[in-house]
Amino acid sequence: MAAFPEGQFSRLEPPTLQPNSGPNAVWAVWYTCHKIMRGLLNAYHLTGNEEALDIAFRMGDWVYQRLSRYSQDELDRMWNIYSAGEAGSMNEVMAELSALAHPAKKRTRYLAAAKMFTFTTLFDAAIAERDELNGRHANQYMAPNIGYLRIFERTGDRDFHTAAKHFWSMVVPHRTFSNGGAGRSEHFGPRGVITSGFTSASDPRHAETCCAYNMLRLTRNLFFHDPDPAYLDFYEKALHNQILSSRRDVDSVTSTEVTYHQNMWPGRSRRIGNTIEYSRYGGNGSCCNGTGLESHTKYQETIYFHSADESTLYVNLFIASTLTWRDRGFVITQQTQYPTEGASRLRFEQAGGRLKVRLRVPSWATQGYTVRVNGHRQLMAAKPGSFVTVDRRWSRGDTIDIDMPMSFRVEQALDNKAIQSIMYGPTLMVVRDATPSYRDVSFYRDLKLDGDLASSIKPTEVAMHYTTHGYTLAPYYIADPVPGEFNAYHPYVRRVEPEVVFGSFGSGVPNDEVRDENGETFLDRVWAQAPFASHWQFLHRVQQVSAQWVTAGRHTEEQRQAILDAAAQARRDLEG
């Protein structure tokens, strides 16, 4: 069972005998049990293999027999043990077995067994929105939330949906790096602490790949119940950055290496100390080998969804692909160079009548988002972080063209707004440099009304590679393409903006040393509203923020006037 002798399960159960050390050590026996049962159910669902389902049922009987002997308090003690009590999504497979079982007695038993994997301490806290994740083993408590949704689907008990939804909100954005990953040395830190302690002495093992894998599964399933575009914004970030970069970027079937952790230190690489964080499938690597194998199938599984009544198609991700929807008679191809270009074309190779097509507007698409059907622009309000809908009868050869210009922007670390990541559309861009301390950058002096950092970032002859401040900017997902070599990189840089300036016009008013209650500077607050349609609109924003800062006692009236004068004089610089 689960690649372990049954005695391993006994050692975890009351009375527990030193499950993490010594001769009685136990390593995540239920976690591997879940992987085997999940594989059996997949074999049944995808191939119709009845033998696989029969084995899963027998294992389900064994699970119920084992766990039904214990009280909830005893179960809680088991699931609270690091990391022997890590059970993966055992509750997910047991809930699915309940849906597949025919005798009512078995359905009831399997569902009861699914609930036995509930760790009530964090379950109750999540329902009440009490964040008690600090210090917890991240993946140990991520995976069960996937099962909570399955229990909700089987029972209608909204507590299970609420717990999963609130858990997600405690991780995103409060514990999420700019690559979409989470955790340090497999554990959650305090809420809102992202980059604090990034020094040469701190633990460099960040962003475990298994965590990103399970957060993607949870995010996808939450979206089915609540189609909030914010879920897909996170999904794209984690898939496109951490998952895509988790495989060594080489064309090989023998060195298909994947990462365990991904270092977010400044100036480090995917080598941590003497440990190479890549490990080969089937080799001497970590649990992330198995999930790493599955993770690279995720590029296809969430591109398209359809509504339950099949009246609506959701286009969630911009990935070159072909959708074959047999029940509706549609075959749709998506052609795109995303993420190097912010454009995509959907072509109806076969069409079966009327269909609502809901197109995702990414939250980063602040420079415009236009949709053309057969070359004709559609009138629609495309708000970043939303969907727009095209509703019509479709014919063979019809096309939808989506244009969403890419732009450079920054994402601030929650715990230090001066520590920032440079993003290009959905892509985390890293500074290629081996210096083990933050690299300083300054952008505000060069900004135009569109707020795009491109005025300070220049393209090179290599696609998706740029230069700024004397450094090379490259996509995070380009992961050490030369075997034996490791590219040093900076996922975060330090923003240095000492004076309130607009173009070539300074105000003499300090910027960095005066911050609001959220840790943001005056210029941060002004440019947060970019792009600006006109210089007048920009001046209005400067007037608005400067009035707020005088009221809060951060600036004097004289400083406000100096700022307004500089903003007015900078018209040519800002429009140029």
Side-chain angles (χ1 to χ4, degrees), residues 173-174 177-178 190-200 202 264-267 408-423 431 433 435-449 451-453 455-457 468-471 490-530 532 538-570 573-574:
H174 302 291
F177 298 116
S178 54
R191 182 184 180 98
V193 175
I194 305 298
T195 61
S196 178
F198 274 9
T199 68
S200 59
S202 66
M264 302 302 287
W265 260 3
F408 286 98
R409 69 188 194 285
V410 295
E411 287 190 3
Q412 301 169 322
L414 296 180
D415 51 336
N416 185 345
K417 297 299 177 68
I419 305 302
Q420 304 178 358
S421 290
I422 300 172
M423 310 293 293
V431 168
D433 184 79
T435 309
S437 60
Y438 290 118
R439 303 296 82 199
D440 292 344
V441 298
S442 181
F443 292 120
Y444 282 136
R445 184 181 294 276
D446 297 319
L447 288 191
K448 309 303 179 185
L449 291 177
D452 193 337
L453 304 184
S455 53
S456 299
I457 299 174
T468 188
H469 297 78
Y471 303 113
H490 289 250
Y492 293 94
V493 295
R494 180 168 51 207
R495 192 75 172 267
V496 179
E497 308 281 2
E499 182 186 359
V500 176
V501 296
F502 308 102
S504 59
F505 293 88
S507 67
V509 178
N511 182 65
D512 280 344
E513 66 184 54
V514 182
R515 296 178 178 269
D516 66 11
E517 64 279 2
N518 295 318
E520 295 188 324
T521 69
F522 179 86
L523 289 175
D524 290 339
R525 290 282 300 279
V526 168
W527 287 103
Q529 295 297 312
F532 298 99
F538 175 78
L539 281 178
H540 178 71
R541 176 61 178 169
V542 174
Q543 291 168 351
Q544 184 183 51
V545 176
S546 62
Q548 294 170 354
W549 280 53
V550 169
T551 300
R554 300 186 191 102
H555 284 166
T556 65
E557 285 289 353
E558 290 77 14
Q559 288 176 316
R560 182 185 188 224
Q561 192 57 54
I563 290 171
L564 294 176
D565 289 345
Q569 295 174 60
D573 290 358
L574 295 169

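When a residue number appears, it is its place in the shown sequence, counting from 1.
- In this structure, Leu574 and Ala567 approach most closely via the heavy-atom pair CD1-O, 4.4 Å.
- Of the inter-residue distances, the one linking Asp573 atom CG with Leu449 atom CG reads 10.5 Å to the nearest 0.5 angstrom.
- Below 30°, between 30° and 60°, or above 60°: for Trp527 and Tyr444 the angle between ring planes is below 30°, a parallel geometry.
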Which is it for Tyr471 and His490 under the ring pair (Phe, Tyr, Trp, His ring centres under 6.0 Å) test, yes or no, and what are the steps along the way? CA-CA 11 Å; Tyr471 303 113; His490 289 250; 7.4 Å; no

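- Taking all atoms of both residues into account, the shortest heavy-atom contact from Ser507 to Ala566 is CB-CB, 4.2 Å.
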Could you go through the side-chain contact (heavy atoms from CB on, under 4.5 Å) check for Ile419 and Arg494 one step at a time? CA-CA 5 Å; Ile419 305 302; Arg494 180 168 51 207; 4.0 Å; yes

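- A donor-acceptor pair under 3.5 Å is absent between the side-chain atoms of Thr435 and the main chain of Gly267, judged by distance alone.
- Using modelled atom types, no side-chain atom of Lys448 and backbone atom of Ser455 make a donor-acceptor pair closer than 3.5 Å.
- Taking 4.5 Å as the limit, every side-chain heavy atom of Ile194 sits out of range of all side-chain heavy atoms of Met264.
- When all heavy atoms of Leu414 and His174 are compared, the pair lying nearest together is CD1-CA, 3.8 Å.
- Side chain of Asn511 to backbone of Glu497: a donor-acceptor contact under 3.5 angstrom is found.
- Remark: side-chain polar atoms of Arg495 are not paired, donor with acceptor, to backbone N or O of Asp512 under 3.5 angstrom.
- In this structure, Glu499 CD and Thr521 OG1 are separated by 12.5 Å, a value rounded to the nearest 0.5 Å.
- Pro510 has its side chain within reach of Gln559: a pair of non-hydrogen atoms, C-beta onward, lies under 4.5 Å apart.
- Distance check, rounded to the nearest 0.5 Å: OG of Ser178 to CE of Met423 gives 6.0 Å.
- Side-chain atoms of Arg554 and Phe522, non-hydrogen and from C-beta on, never get closer than 4.5 Å to each other.
- Thr468 approaches Ser456 most closely through the heavy-atom pair OG1-O, 2.9 Å.
- Of all heavy-atom pairs between Phe502 and Ile563, the closest is CE1-O, 3.6 Å.
- Here CD of Gln544 is found 7.0 Å from CD of Gln529. Values are rounded to the nearest 0.5 Å.
- Using a 4.0 Å cut-off between charged nitrogen and carboxylate oxygen, Asp516 and Arg525 count as a salt-bridge pair.
- Remark: Phe443 pairs with His469 by the ring pair (Phe, Tyr, Trp, His ring centres under 6.0 Å) rule, at least two apart or across chains.
- In terms of the side chain to side chain donor-acceptor pair (under 3.5 Å) criterion, residue partners of Gln561 (sequence neighbours excluded) are, by chain and number, Asp565.
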Before you tell me yes or no, could you show the steps for Trp549 and Val514 under side-chain contact (heavy atoms from CB on, under 4.5 Å), namely the whole-Å CA-CA distance, both residues' side-chain angles and the distance that decides it to 0.1 Å? CA-CA 10 Å; Trp549 280 53; Val514 182; 3.5 Å; yes

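- Donor-acceptor pairing under 3.5 Å is lacking for the side chains of Asp415 and Ser196.
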Is there a side-chain contact (heavy atoms from CB on, under 4.5 Å) between Arg560 and Gln543 once you walk through the steps? CA-CA 8 Å; Arg560 182 185 188 224; Gln543 291 168 351; 4.1 Å; yes

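- Between the Ser421 side chain and the Glu411 main chain, no donor and acceptor come within less than 3.5 Å of each other.
- Asn416 and Thr195 share no donor-acceptor pair across their side chains, judged by distance under 3.5 Å alone.
- A distance-only check finds no donor-acceptor pair linking the side chain of Asn518 to the backbone of Glu520 [under 3.5 Å].
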Show your reasoning for whether side-chain contact (heavy atoms from CB on, under 4.5 Å) applies to Leu453 and Leu447. CA-CA 6 Å; Leu453 304 184; Leu447 288 191; 3.7 Å; yes

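- Applying the side-chain contact (heavy atoms from CB on, under 4.5 Å) criterion to Val493, with sequence neighbours excluded, gives Ile422, Val431, Val441.
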